[in-house]
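So you know, we letter chains A, B, ... as the sequences are listed, proteins then strands, and number each from 1. Bear in mind that the values here come from a model prediction, so they are computed numbers and not experimental data.
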There are 2 protein chains.
Amino acid sequence: MADVNIHSLKSLAIFKTLLEAGSASQAARTLGITQSGVSRSLAQLEDNLGIQLFLREKNRLVATPEAYELYEEILRLMGNIEELRHSILALKEFGTSRLRIAAIPGLAFGFVPRLIGTLLEENRGFSISFDMMSSHDVLREVESGHADIGFVTLPVSSRLLRIEEWLTTQARCLVPANHPLASRTEVTVEDLQNEYLVISNQPNVGADPLLHLAASHSISIAGKTESNIGAIAAMVANGVGISVMNPITATDQLVGRTDVVMRPFSPRISFSFGMVYREDWKNVQALDSIRRTGNELLKTYPD
Amino acid sequence: MADVNIHSLKSLAIFKTLLEAGSASQAARTLGITQSGVSRSLAQLEDNLGIQLFLREKNRLVATPEAYELYEEILRLMGNIEELRHSILALKEFGTSRLRIAAIPGLAFGFVPRLIGTLLEENRGFSISFDMMSSHDVLREVESGHADIGFVTLPVSSRLLRIEEWLTTQARCLVPANHPLASRTEVTVEDLQNEYLVISNQPNVGADPLLHLAASHSISIAGKTESNIGAIAAMVANGVGISVMNPITATDQLVGRTDVVMRPFSPRISFSFGMVYREDWKNVQALDSIRRTGNELLKTYPD
DNA sequence: GGATTCGATGACTTTTAATCATGGCTGACG
DNA sequence: CGTCAGCCATGATTAAAAGTCATCGAATCC
């Protein structure tokens with residue numbers, strides 16, 4: 001196979017500018033080098049690649065079809081190099097250029113995408129991949145190294161992972177805006193008597209504790225619907241029932257909705273969530289940035 | 001934004017080899033340059049990127065985590081550069097580095113994939129994209145420049161395209177191996193009396209002419225099933241009926257099957273297919289290669 | 001015909017990459 | 001403890017590559 005050496009990006013860049021400029025003289029002006037420098041560089045590139053890129057017609061350079069195809073390929077490569085530059089900048093900033101995040105559904109539709117959006121706003125070079133899964137799977141994914149960090153409700157336990165509590169807050173009650181309870185400033189467990197409830201189809205997201213609480217107060221509910229946590233606000237809005245859930249997820253789902261309101265609930269049901277990561281990640285610069293950004297975002301959520 | 005300059009692939013290559021080799025001295029031996037050359041190159045790269053890639057511990061270089069991440073990024077870039085090299089080699093060989101082919105279903109499952117496979121065997125650097133669609137859409141796709149070449153049954157007409165006939169052959173009759181007609185050396189239109197037929201659900205693939213022929217000979221068929229042309233052999237094999245179709249498609253579908261046999265059919269129904277391309281493609285080197293390869297393959301099909 | 005712009009090229013300079021020579025550090029071994 | 005081997009870094013230098021300078025010929029325009 002005939003060899004093709006690409007060792008000089010500069011000559012590819014000169015070629016690219018030459019094609020865009022239409023003449024060696026104009027390319028030279030654009031690049032701040034001499035016209036003969038451009039001419040030399042082109043001749044060297046044509047010799048090196050073994051392809052005639054320009055015809056010399058009447059003392060003018062006329063691009064060949066091959067030149068246009070090479071141009072497309074060079075644009076592609078320059079895109080790749082730009083990605084490399086971004087990764088290097090992220091490497092400088094974070095100590096890592098790629099971040100794999102796993103989160104539970106309760107956080108996966110609002111808080112974590114906002115966190116990611118803010119991180120990327122600050123650092124476009126960062127590459128983040130994100131997946132949503134159960135708490136148990138988040139832990140396994142981070143333990144095995146398939147994800148770098150994970151967001152889960154607490155408590156969880158893992159001998160391999162560092163577990164960092166980010167927020168402890170109290171559950172809220174979601175009710176349709178036209179529901180009698182909407183006029184209350186606080187909903188109590190007694191108010192759940194004869195109400196339909198919408199609860200999460202996932203454990204450890206407040207569902208079990210709520211039913212326990214109701215039972216311990218001898219409260220009978222009219223019925224319950226289990227739903228994917230991502231759709232609870234929509235369920236409540238459509239009169240399926242009322243719900244008691246963590247305010248992070250609730251706030252995320254209520255953005256832009258006026259047909260569902262959120263009220264404090266008593267007695268208090270504590271809700272915590274946090275971040276998990278492997279021990280070898282504890283000193284990675286990116287964590288500081290993630291913590292800082294995350295804390296800023298949490299200030300926008302109710303206590 | 002702090003600048004990061006990637007102008008020297010050589011220094012990235014030296015870095016890559018250094019990480020793989022484990023020491024500057026070994027990397028130097030591998031690359032055929034001096035140890036101090038490797039040391040200089042590394043220092044220059046670290047300075048240029050603003051990232052410390054190696055710790056100097058007790059006169060040994062110890063890679064930092066950032067070094068491993070950069071290494072992954074460089075491997076990615078080198079893959080991209082390899083793709084560029086392949087494209088350049090294809091550009092030299094064909095005058096183009098990418099080829100977009102559109103074909104009708106009758107050719108899309110056998111002949112054209114074989115053609116593509118053979119072209120790529122000869123030239124790995126080539127990038128081919130392939131799509132399957134009706135004759136009419138093939139013509140439109142090539143006319144509009146979304147595909148470079150197309151394969152269709154003939155006749156077709158287009159004022160914009162060059163139409164090149166590749167093969168004219170006669171239709172064949174497919175019958176189940178255990179069918180009485182399988183023992184014949186030739187099936188005639190009279191044999192279709194009271195038989196179930198499987199015909200293509202696409203026009204211009206022998207279906208209309210066959211029904212016409214039967215009608216003109218006062219032949220009554222027992223029934224017909226219209227099928228996607230790609231599944232006709234499977235239909236025949238399962239006793240849905242017998243079929244009369246072009247031998248290219250038939251041969252492609254019978255590969256590896258012993259439960260369906262192919263017999264000459266009379267009277268003859270001619271079938272042609274060909275390649276279409278735009279006028280500005282007529283002198284592209286790739287066409288010669290495609291014609292040559294295509295003609296080789298066609299020799300393996302029945303006349 | 002002269003002015004302007006273009007590209008190519010011989011001769012040359014500047015810049016970059018790498019070498020040469022050397023020194024210091026570390027660990028293994030006798 | 002001294003010697004040896006292997007490592008890395010560095011001042012001084014060289015070789016190679018990139019680009020400039022000066023110039024020429026060709027084409028177009030006024």
Side-chain angles (χ1 to χ4, degrees), chain A residues 3-64 66-68 70-71 74 78 81, chain B residues 3-64 66-68 70-71 74 78 81:
Chain A
D3 201 36
V4 169
N5 249 330
I6 298 147
H7 48 71
S8 174
L9 295 180
K10 188 73 186 289
S11 66
L12 297 180
I14 291 173
F15 164 75
K16 170 184 177 286
T17 303
L18 171 52
L19 195 76
E20 290 168 350
S23 79
S25 304
Q26 183 52 50
R29 290 190 285 273
T30 301
L31 292 167
I33 67 176
T34 61
Q35 173 269 320
S36 51
V38 173
S39 185
R40 294 282 189 206
S41 179
L42 173 63
Q44 185 63 48
L45 184 64
E46 286 180 317
D47 188 56
N48 191 28
L49 300 186
I51 302 176
Q52 189 171 26
L53 299 168
F54 289 87
L55 301 177
R56 277 72 169 171
E57 285 179 359
K58 299 181 176 180
N59 288 324
R60 288 294 185 270
L61 294 170
V62 177
T64 60
E66 288 87 348
Y68 288 101
L70 181 64
Y71 175 73
I74 289 171
M78 285 179 174
I81 289 171
Chain B
D3 202 36
V4 169
N5 250 329
I6 298 144
H7 49 71
S8 174
L9 295 180
K10 187 75 185 288
S11 66
L12 297 181
I14 291 173
F15 164 76
K16 171 185 177 281
T17 303
L18 171 50
L19 196 75
E20 290 169 350
S23 77
S25 305
Q26 185 52 50
R29 288 190 285 273
T30 301
L31 292 167
I33 67 177
T34 62
Q35 172 270 318
S36 51
V38 172
S39 185
R40 294 278 190 211
S41 180
L42 173 63
Q44 185 62 48
L45 183 66
E46 286 179 317
D47 189 56
N48 192 28
L49 301 187
I51 302 175
Q52 189 172 26
L53 298 169
F54 289 87
L55 301 176
R56 278 75 169 167
E57 283 178 1
K58 299 183 177 179
N59 288 324
R60 290 292 188 275
L61 293 170
V62 177
T64 60
E66 287 86 347
Y68 288 101
L70 181 62
Y71 176 73
I74 289 170
M78 284 180 173
I81 289 170

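Applying a 4.0 Å cut-off to non-hydrogen atoms, the residues of residues 28-36 of chain B that approach DNA chain D are Arg29(B), Gln35(B), Ser36(B), listed by residue number.
Scanning all heavy atoms of the two residues, the minimum distance from Phe54(B) to Glu46(B) falls at N-OE2, 3.1 Å.
Look at CG on Leu42(A): it is 19 Å from P on dA17(D), rounded to the nearest Å. Note: CG (Asp47(A)) to P (dA8(C)) measures 14 Å, nearest angstrom. Distance CZ (Arg56(B)) to C1' (dT10(D)): 13 Å, rounded to an integer number of Å. Between the CZ atom of Phe54(B) and the P atom of dA9(D) there is a distance of 10 Å, given to the nearest Å. The CG atom of Leu55(A) sits 14 Å away from the P atom of dG7(C) (whole-angstrom rounding). The separation between Glu46(B) atom CD and dT10(D) atom P is 11 Å, rounded to whole Å. The CG-P distance, from Leu61(B) to dT10(D), rounds to 12 Å in whole Å. Distance Leu53(A) CG to dG7(C) C1': 16 Å, rounded to the nearest Å.
Thr17(B) contributes no side-chain N or O that, together with a main-chain N or O of Ala27(B), makes up a donor-acceptor pair within less than 3.5 Å. Using modelled atom types, no side-chain atom of Ser11(B) and backbone atom of Leu45(B) make a donor-acceptor pair closer than 3.5 Å.
Heavy atoms of Arg40(B) sit under 4.0 angstrom from at least one base atom.
For the atom pair Gln52(B) CD and Glu66(B) CD, the distance stands at 8.5 Å (nearest 0.5 Å). Here the straight-line distance linking atom CG of Leu18(B) with atom CD of Gln26(B) works out to 11.0 Å at 0.5 Å rounding. With values rounded to the nearest 0.5 angstrom, Leu12(B) atom CG is found 7.0 Å from Leu70(B) atom CG. Going from atom CG of Asp47(B) over to atom CG of Leu42(B) covers 11.0 Å, rounded to the nearest 0.5 Å.
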Q) How does protein contact run along nucleotides 24-30 of chain D, one letter per nucleotide 5' to 3', with B for base contact, S for sugar-phosphate only, - for none, heavy atoms under 4.0 Å? A) -BBSS--
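Within the structure, every pair that satisfies the side chain to side chain donor-acceptor pair (under 3.5 Å) test and touches residues 35-44 of chain B, not counting sequence neighbours, is listed here: Thr34(B)-Ser36(B).
A close approach under 4.0 Å does occur between a side-chain nitrogen or oxygen of Ser39(B) and OP1 or OP2 of dA9(D). For dG19(D), the OP1/OP2 oxygens have a side-chain nitrogen or oxygen of Lys10(A) closer than 4.0 Å.
In this structure the side chain of Phe15(A) reaches within 4.5 angstrom of the side chain of Leu53(A), judged on heavy atoms.
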